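Here is the structure we will look at.
Every chain is numbered from 1, with letters handed out A, B, ... down the list of sequences. Keep in mind the model is a prediction, meaning the values are calculated, not measured.
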Amino acid sequence: MILRHTVTALAALGFLVLPALAHGPTPQKAEVRATIAAAPDAVWALAGNFAGIGAWHPWVKAVTATGGNAPGAERVLVLEKGEITDGLDEYDAAARSLGWRLNKENVEALPVSFYTATLTVADAGGGKSEVTWAARFYRGDTGNFPPDELNDEAAIAAMTAYFEAGLQGLKTKAEGR
Amino acid sequence: MTLHRNALAALLLVIVLAGAGEGQAAALYVVCQAGAEVDVIDTDASAVTHRIAVAKGPAGIALAPDGMSAYVTHPDAGLLTRIDAARRQVAGTVRLGGQPFGVAADPASGAIYVGDWSADRITRLDPVSLEPTGVVGVGRAPAALATDPRARRLYSADREDDAVSIIDLATFTRIARVAVGTAPYALDAEGDATVVAVADVRSGDVALIGKADGSVTRIGGMRMPYGVAFVPGRRLLLVSDQQAEALHLLDPDGKETLAKVRLGGSPEGVVADRSGGRAYVAEWFANRVAVVDLETRALATRIDVCDGPRMMVLGP
């Protein structure tokens, strides 16, 4: 058992040393919805601008982006504790939906090793919108003995808080308050 | 559908023995990682008939060649569960340690092959005792395992090695490493006589490995393919695409996409039924299995299942 633990610890260390390769076998999910008192097209004008997340997400201090809203576009987000890089995969203006992935992780900034996310703005009627932000992701340390700050619970809590803060910011911005 | 289950099973057995290939009911096993459950779907009824609770975090599943057992891996807990397929209940759980993920059964001997995601190796287990009988090293992060019964070979999609390992089953040795796209994750080695299909998650393509010469042809144009399955009796390859939220229907000869069926919920595992008429796709985020009609190339229905469906396997 000592040997087995050592091997696992080394494997975990390997993941930390080579974060670009980090990817575990067990994904987690998070989904947050918000109703916004603004027309869907107006909300989409904000949320559908891949490079513009810094205008409404309070956690995002700065954004450097390339490629506009075309698949393959990238954005580097400066968060409080460091940078992460997102890559745009899907952009469907008619459906008011975009999908992206984490191209370069930073478990200090956000304790996940990889995610794919979608953000969709739906018409809730009466001039209102319902925004859904959902993601599939992997804990920061994908070994079997992750420290508390890099386990599944930490990843779910962080992603949920990240989405909630973002949608609250989007709501505030879109409602002009 | 009001038939007694045993009577129905007996009837099905007769149909199977008679060699009927069309429209036969089958059991589709759906592994739900978050729900710690394996659901059994009756494909005729398009409904869940059994819900089997298993240990935490089940991921991979393989069916014994006789169809009487299903083997389920638990990477986070280091466990392997054997399910009694006839009784639809857990027969036992053994501790393997490590991160057991991909699993396949030997079509001839019944031996079970289990990949260890973080130890980069495949362990062979006795199908009855589940005791280890051999180990072979592969590339980094073996994900899916699949057998080619005719050639007596095992293929391992080594996700972080960007390659597929080929293992000779008679000697249980790694005889080749074939470079494919980035992050190979899923395999179908049995459904086509000449090629093995490999889903390359990160490079967004499917690699076709020639069984005879190890040549590689890649079909691109996908976002994040997570499942592959050849359709029996048709020149058709199904590819689930998590980030495009779709099922691609590919022509493996012309190397082109014939159709794209829009799905939802991060599609992952994909299975074709034996008649080649329908495809089943696990919609991971939505906790559903989508049923796609391969004639009309459209969504036929959706079946609610347990939380976090990923891998699936079709039983008798």
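- Annotation: A/Glu108, atom CD; neighbour count of heavy atoms from other residues, nucleotides and ligands within 6.0 Å does not exceed 12.
- Atom CD of B/Glu256 is surrounded by more than 12 heavy atoms from other residues, nucleotides or ligands within 6.0 Å.
- Per-residue heavy-atom pair counts under 4.5 Å with chain A were compared for B/Ala143, B/Ala183, B/Gly60, B/Pro75, and the maximum is reached by B/Pro75.
- Contact of B/Ala34 with chain A is not made at all, since no heavy-atom distance falls under 4.5 Å.
- Here the closest non-hydrogen pair linking B/Asp76 and A/Arg139 is OD1-NH2, 3.1 Å.
- Side-chain N or O atoms of A/Asp89 include none that pairs as donor or acceptor with a backbone N or O of B/Ala244 at under 3.5 Å.
- Of the atoms belonging to B/Gln243, heavy atoms from both backbone and side chain fall under 4.5 Å from chain A.
- Scanning both residues, B/Phe285 and A/Ala134, for their nearest heavy atoms gives CZ-CB, 3.6 Å.
- In this structure, B/Arg223 CZ and A/Arg101 CZ are separated by 8.0 Å, a value rounded to the nearest 0.5 Å.
- Under a 3.5 Å cut-off, the side chain of A/Arg136 and the backbone N or O of B/Ser266 do not form any donor-acceptor pair.
- Of the possible polar contacts, none joining the A/Lys29 side chain to the B/Ala286 backbone as a donor-acceptor pair under 3.5 Å is found.
- Under a cutoff of 6.0 Å and an axis angle of 45°, B/Arg159 and A/Phe114 do not form a cation-pi pair.
- Enclosure of atom NZ in A/Lys61 by more than 12 non-hydrogen atoms of other residues, nucleotides or ligands within 6.0 angstrom is indicated.
- Between the side chain of B/Gln99 and the backbone N or O of A/Thr142, at least one donor-acceptor pair lies under 3.5 Å.
- Rounding to the nearest 0.5 Å places CG of A/Asn144 at 12.0 Å from CH2 of B/Trp117.
- Nearest heavy-atom pair across B/Gln33 and A/Pro27 is OE1-CD, 3.2 Å.
- Only the side chain of B/Phe101 comes within less than 4.5 Å of a heavy atom of chain A; its backbone N, CA, C and O stay farther away.
- Between B/Glu245 and A/Thr118, the shortest heavy-atom distance links the atoms OE2-CG2, 4.3 Å.
- A/Thr116 contributes atom OG1, which lies 7.0 Å from atom OH of B/Tyr226 (distance to the nearest 0.5 angstrom).
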